[in-house]
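Below is one structure, written out as structure tokens; the observations come after it.
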2 protein chains.
Amino acid sequence: MQLEEAQQQFIANWGAFGSHWGINRTMAQIHALLLISPDPLNQDDIMVKLNISRGNVNMNIRDLIDWGLVNRILIPGERKEFFSAEKDIWKVATQIVKERKKRELDPMLRLLDQLEDVEGDKSDKHIKQFTETVGSIRRFGLQADKMLDGLVKAEENWFLGNLMKMFR
Amino acid sequence: MQLEEAQQQFIANWGAFGSHWGINRTMAQIHALLLISPDPLNQDDIMVKLNISRGNVNMNIRDLIDWGLVNRILIPGERKEFFSAEKDIWKVATQIVKERKKRELDPMLRLLDQLEDVEGDKSDKHIKQFTETVGSIRRFGLQADKMLDGLVKAEENWFLGNLMKMFR
DNA sequence: TCAAAATTTCACTAATTTTTGAAATTTCAG
DNA sequence: CTGAAATTTCAAAAATTAGTGAAATTTTGA
């Protein structure tokens, strides 16, 4: 396969993949483009390569930076800002885990905590089923939370980090 | 908090939560409703409780069944079909992992496998970066694949299954 | 300080996804 | 069999989400 075609395929599919994960298609495509670019790109490069508007590039780049997946790069002598993606996939993964945990899991756990104690007759089957379901989801969530914390810590920890490199 | 209010909160938030995970809001809400219902419900029950149309209930229930999260229940003497959700959260989680792996991860790995060998000068930096990125994502994906297989197996395996129960 | 270049914002438009509801089909008790 | 009840389908409508592009703002080199 030719490089050009392979690149297109990668970008298109990474976009579709991302959209299953709550990331919008264009954001994932910009991310894909930056992942396979050896050098940083500026907004115009991205506009041209993906054929999207300036505003669109700007907004999605900003989101990618908020997610911690892309960095602004200052190139001496250049007026424009350049952007480059974190290339270490393990870092990318832990970064995504960290953000989603913060944005989704943590708030959900806080809610479940509140919902677990409803008023009323504990032997009523509706109350019983409700507290049982909420309780078991909450316990499951707390486990997951711990596990993910461990995963993120592993990346930040030098020794474990090096151990993990074996799997990359 | 009163049961009614807690139930509404749970359903609404489970719906929002689901929508971050590629599951549509209504499907997640139906799932939530069934999770907290002590007895199976029929399509009319769901229509009324969530205030949505018959067609919508029907389609989303069918999807939930495809995902293996909900079962059809035949109640003797009843003409209508009833539905009930798998209540064991660990089973729910492994079921979701299994399905998403099949629908998303596996096809992505197959694609990356094809993309890894592009034609051309291996010392060109664009080719270099492309194969490096694709290769590292692929290796990462293979690891994840193995890990998730292990997770699903653990549920299906009696001994590990029991071990895992300690975490529920 | 000035003005050209670069970046950001945002009202509007486009595209996509979800929901409805009525018609078509299937099921089943009598 | 028959026909009423239940389920399924699907074209159209509604709702949601994403993208555009021009105007507003900010930055920077001279």
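Letters go in sequence order (proteins before strands), and every chain restarts at 1.
- Mapping A/Arg54 and B/Lys80 onto DNA chain D by nearest heavy atom places B/Lys80 closer to the 5' end of the strand.
- C/dA5 atom P lies 16 Å from atom CE of A/Met47, rounded to whole Å.
- Side-chain atoms of B/Arg72 lie closest to D/dT8 of the nucleotides D/dT8, D/dG21, C/dT9.
- For A/Ser53, taking side-chain heavy atoms from C-beta onward, the closest of the listed nucleotides D/dG21, C/dG21, D/dT7 is D/dG21.
- At C/dT7, none of the side-chain N or O atoms of A/Asn58 fall inside 4.0 Å of OP1 or OP2 (strictly under the cut-off).
- Straight-line distance from the CZ atom of A/Arg62 to the C1' atom of C/dA6: 15 Å, rounded to whole Å.
- A/Gln129 and A/Thr133 share a donor-acceptor pair across their side chains, judged by distance under 3.5 Å alone.
- Set against D/dG19, D/dA4, C/dA4, the side chain of A/Arg79 has C/dA4 as its closest nucleotide.
- At whole-Å resolution of the value, CG in B/Leu64 and P in D/dT8 are 14 Å apart.
- A sub-4.0 Å separation between OP1 or OP2 of C/dT18 and a side-chain N or O of B/Thr26 is absent.
- Closest to the side chain of A/Met59, out of C/dT8, C/dT9, D/dT9, is C/dT9.
- Counting non-hydrogen atoms under 4.0 angstrom, B/Asn24 reaches the backbone sugars and phosphates but no base.
- The distance from atom CD of B/Glu81 to atom C1' of D/dT8 is 10 Å, rounded to the nearest whole Å.
- Taking the salt bridge (charged side-chain N to carboxylate O under 4.0 Å, His left out) definition, one finds that A/Glu86 meets it with nothing, sequence neighbours left out.
- For the residue pair B/Asn24/B/Thr26, the side-chain donor-acceptor check at 3.5 Å is not satisfied.
- Protein atom CG of B/Leu50 is 11 Å distant from nucleotide atom P of C/dT20, rounded to whole Å.
- The side chain of B/Asn60 sits closest to C/dT19 out of D/dT9, D/dG19, C/dT19.
- Distances shorter than 4.0 Å separate none of the side-chain N or O atoms of A/Arg25 from OP1 or OP2 on C/dA15.
- Both cation-pi conditions hold for A/Arg103 and A/Trp67: the charged atom is under 6.0 angstrom from the six-membered ring centre and inside a 45 degree cone around its axis.
- Straight-line distance from the CG atom of A/Asn56 to the C1' atom of C/dT9: 13 Å, rounded to whole Å.
- Atom pair A/Ile46:CD1 and C/dA6:P shows a separation of 15 Å (rounding to whole Å applied).
- Residue B/Ile52 contributes atom CD1, which lies 19 Å from atom P of D/dA14 at whole-angstrom precision.
- Side chains of B/Gln2 and A/Glu119: a donor-acceptor N/O pair is present below 3.5 angstrom, by distance only.
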